[in-house]
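Scroll down for the structure; my scribbles are underneath it.
Order of the sequence lines fixes the chain letters, A, B, ..., with proteins taken first and strands second; residue numbering starts at 1 for each chain.
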Amino acid sequence: MRRIAAVAEYIFKQSFRNKILNVLILFAVFSIGFSLVVSELAQEVEIKMIKDFGLFAINLFAFLTLALALTVQLFEENELKTINLIMVKPVARHEYIAGKYLGIVFTILMNVILMLAALMLILWLKGENPWELGLLLQAMYIFLGTAVLASTAMILSVLATSVPGCIIFLFFFYILGHLTVHLKNIASQLDNALFQAAADIIYYLLPNLELFNLKDKIYTPEGLFSPQYLLPVIAYAVFYPVLSLVIASLIFRKKEFF
Amino acid sequence: MKKTVNDYVIEVKEVTKVFKPLDFWKRERVQAIDSVSLNIEKGEIFGLLGLNGAGKTTLMKVILGLLKPTKGHVSILGRPVTDGAVRCRIGYHSELPYFPKYLKAAEILSYFADIFGLPQKTKKAGIAEVLELVGLKNKANTRIKGYSKGMQERLGMAQALINDPDILFLDEPMSGLDPMGYKETRDILLRLNKRGKTIFFNSHILSEVERVCDRVAVMHKGKIADVRSAAEIKRKYKNMEKYFMTVVKKAGES
């Protein structure tokens, strides 16, 4: 456990102190602030507009944080060969994968917290209750969805032979992750077994990121969500990454370092 | 006296490394190492020489387990290098090491110390000790972006020593250093060797190899062309450069 924690801390520090990432966070906070301007255009639904725009920015920048943290890691590991110094030390390959995942996920968590704090501050300035449960849950599920995608990124990172290739695939997975549920629905309405099978494979193989989008899943008039929906999604957010990390570790065990 | 298996800390038996073809038609297989056998004795400083592309770094990476041999077998302290207990007893300094520029030297060494499971009580003192040894004591809390190339080399040496290893693998440890750095590295190697450490290193700097090594091997086109003690080289060839040139020329002709 100490080795996993050491790798996680190292990767978190490395990512969180990265200047490009710092600029990204600043940009994210400014984007959330920009929701004030956007909300002026829709005065009757001003608060809803601020929340929707803020959550959209959190979602987008959480993904960009993942992409950037992964780019930094892959570049330093593969191009600058930093991984060679680590792999000759007594850290098992699965420990390294677990630590790297936790380090990147913790970086995303910190950024989501910062962006959420900015959004809550704006809501408070507008005289709203910033501690609204629905808002906090939506932000938490955005984080969970990004953490699930980060586990898929771990598989991509051990398979990748180039940094741009890995990031392009991550971007595809991000888009497809939001579309698989719709693809499955379309396939179920078609009378084509092959297309249905292909849609099923994609649906179960890729991370289902649409599960974490709570916007259209409001359960009560007060804007709350059903526990029957939330709890299985949390279980998914635990099991999918565990499985992905096992697969990534198995691939990583065979990897050579040139 | 004939050496026994117990005297060897590193054993390389008939190791061959062939890299997978990289071209589209999968035809260009590169044989980087060809049936190399070597035994390194406990407490010696062993220098591996060779031209660029001779296979020195590949051999070191195979010994360290970073690359898997296509054929043959490697053992360190009688066990495979993948054994965690073996890894705790080795140190490795790669050529032109890179460290994250936003971290401080003390943080980087603390990370490696945690990987080795060094006790928290002694960790701080251990970090201070290796930083002093490599001459970076006053730069412990400076971010790496403020480090020169030579300072990064020294930090590379510090991380290789953080676990007080029994065997030290150094890949071009003097590249990037100035003449003062050469001398300091040489002094460190000799001091460590006096403490019983085995040192295996690759280098192009023949004068330094001549000054520190007990035994030397020359690699040429993936094969060991010659292995000889430093005393014998001095007796027969007078200096390392003459020895190296003679061996490489002879290997090239055969």
(request) Take A:Tyr204 and A:Tyr236 through the test ring-ring contact (aromatic ring centres under 6.0 Å, His included) and record every step on the way to the result. (result) CA-CA 11 Å; A:Tyr204 290 111; A:Tyr236 180 85; 9.7 Å; no
(request) Please report the C-alpha distance between A:Glu77 and A:Tyr96 in whole Å, then the side-chain angles of each, then the deciding distance to 0.1 Å, and finally whether the side chain to side chain donor-acceptor pair (under 3.5 Å) criterion is met. (result) CA-CA 12 Å; A:Glu77 281 179 3; A:Tyr96 184 74; 2.5 Å; yes
(request) With a 4.5 angstrom heavy-atom cut-off, could you sort out which part of B:Lys68 is near chain A: side chain, backbone, both or neither? (result)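 Both backbone and side chain.
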(request) Sort B:Ala113 into side chain, backbone, both or neither according to what part of it lies under 4.5 angstrom from a heavy atom of chain A. (result)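 Interface part for B:Ala113: backbone (N, CA, C, O).
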Select one option (side chain, backbone, both, neither) describing which atoms of [X] are under 4.5 Å from chain B's heavy atoms.
X: A:Val72; result: neither
X: A:Gln14; result: both
X: A:Phe75; result: neither

(message) Please give me the minimum heavy-atom distance between A:Ile202 and A:Thr180, naming the atom from each residue.
(response)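 In this case the closest contact between A:Ile202 and A:Thr180 is CG2-CG2, 3.6 Å.
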(message) Which heavy atom of B:Thr16 sits nearest to which heavy atom of B:Ser35, and what is that distance?
(response)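 Closest approach of B:Thr16 to B:Ser35: OG1-N, 3.0 Å.
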(request) Quick one: which of B:Leu64, B:Asn163, B:Val86, B:Ile115 has the most heavy-atom pairs under 4.5 Å with chain A, could you say? (result)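 Max contact count across the listed options: B:Ile115.
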(message) Counting heavy-atom pairs closer than 4.5 Å to chain A, which one of B:Phe169, B:Phe116, B:Phe99, B:Phe19 comes out on top?
(response)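 That would be B:Phe116.
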(message) Quick check for you: among A:Arg2, A:Lys81, A:Met87, A:Arg3, which has the greatest number of heavy-atom pairs under 4.5 Å with chain B?
(response)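 If we count pairs closer than 4.5 Å to chain B, A:Arg2 comes out on top.
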(request) Against chain B, work out which of A:Lys19, A:Glu95, A:Lys254 has the most heavy-atom pairs shorter than 4.5 Å and name it. (result)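 Going by pairs under 4.5 Å, I would pick A:Lys19.
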Report the relative orientation of the aromatic rings in [X] and [Y]; use parallel for angles under 30°, tilted for 30 to 60°, perpendicular for over 60°.
X: A:Phe63; Y: A:Tyr174; result: parallel
X: A:Phe173; Y: A:Phe169; result: perpendicular
X: B:Tyr111; Y: A:Tyr10; result: parallel

